[in-house]
Colleague: 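Sharing a structure with you now.
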Amino acid sequence: MTEQEQAARHDPIYDRLHATPEFAELRRRYRGFVFPATVAFLVWYLLYVILSNWAGDFMSTQVVGNINVALVFGLLQFVTTFGLAYMYARFSQSKLDPLARQLDADYRKGGDA
């Protein structure tokens, strides 16, 4: 595909919006949440895997009745996943969506011009 064909595939308004401080702020906020949350979740998950493989005695420790540490950690993986999804939804609604709506309005104004 030539450069002209590639350039013709999208509206120039995208390039203008991409260069705005609002778009840069939207990306900064998004990355500021997603990257640390992803790293934290992966560390938590890998800790579970590592403990399951190399700390069998610890993971098989009975907590209550037949419930052991491994089962508690496994269930906490689900709790963490849903908690993280909830936190992201709240973060997105309060920090990302207002900027995204503003950029969408700017796009619509620019598209009509």
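All figures in this text were calculated on a predicted structure; none of them were measured in a lab.
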Colleague: Answer whether the closest heavy-atom distance between the side chains of Glu22 and Leu26 falls below 4.5 Å.
Modeller: no
Colleague: Determine whether Phe73 and Trp44 make a side-chain contact, defined as any pair of heavy atoms from C-beta on separated by less than 4.5 Å.
Modeller: yes
Colleague: Do you reckon Val64 sits in the same ILVMFWY cluster as Leu75, going by side-chain contacts under 4.5 Å, direct or chained?
Modeller: yes
Colleague: Does Thr80 reach the side chain of Gln77, with side-chain heavy atoms less than 4.5 Å apart?
Modeller: no
Colleague: Using 0.5 Å steps for rounding, measure from the CG atom of Leu103 to the CZ atom of Arg101.
Modeller: 11.5 Å
Colleague: Distance check, rounded to the nearest 0.5 Å: Thr20 atom OG1 versus Asp15 atom CG?
Modeller: 11.5 Å
Colleague: Taking all heavy atoms of Val63 and all of Asn68, pick out the closest pair and write down the distance.
Modeller: CG2-C, 3.8 Å
Colleague: Mind checking the OG1-CD1 spacing from Thr61 to Ile67? Nearest 0.5 Å is all I need.
Modeller: 14.0 Å
Colleague: Enumerate, atom names and distances included, each donor-acceptor pair closer than 3.5 Å involving a side-chain atom of residues 46-60, sequence neighbours excluded.
Modeller:
from, atom 1, to, atom 2, distance (Å)
Ser52, OG, Tyr48, O, 2.8
Asn53, ND2, Val49, O, 3.2
Ser60, OG, Gly56, O, 2.9
Ser60, OG, Asp57, O, 3.1

Colleague: Return the minimal non-hydrogen interatomic distance between Pro98 and Ser92, and the atom names on each side.
Modeller: CD-O, 4.3 Å
Colleague: Any side-chain heavy atom of Tyr88 sitting closer than 4.5 Å to one from Leu96?
Modeller: yes
Colleague: Roughly how far apart are Glu25 CD and Lys95 NZ, rounded to 0.5 Å?
Modeller: 10.0 Å
Colleague: At what distance, to the nearest 0.5 angstrom, does CZ of Arg16 lie from CD1 of Ile13?
Modeller: 4.0 Å
Colleague: Would you indicate whether Tyr30, at its atom OH, is surrounded by more than 12 heavy atoms from other residues, nucleotides or ligands within a distance under 6.0 Å?
Modeller: no
Colleague: Should the ring pair Tyr45 and Phe41 be called parallel, tilted or perpendicular, given that the plane angle runs from 0 to 90° and is split at 30 and 60?
Modeller: parallel
Colleague: Decide yes or no for Leu17 and Phe23: does some side-chain heavy atom of the first lie under 4.5 Å from some side-chain heavy atom of the second?
Modeller: no
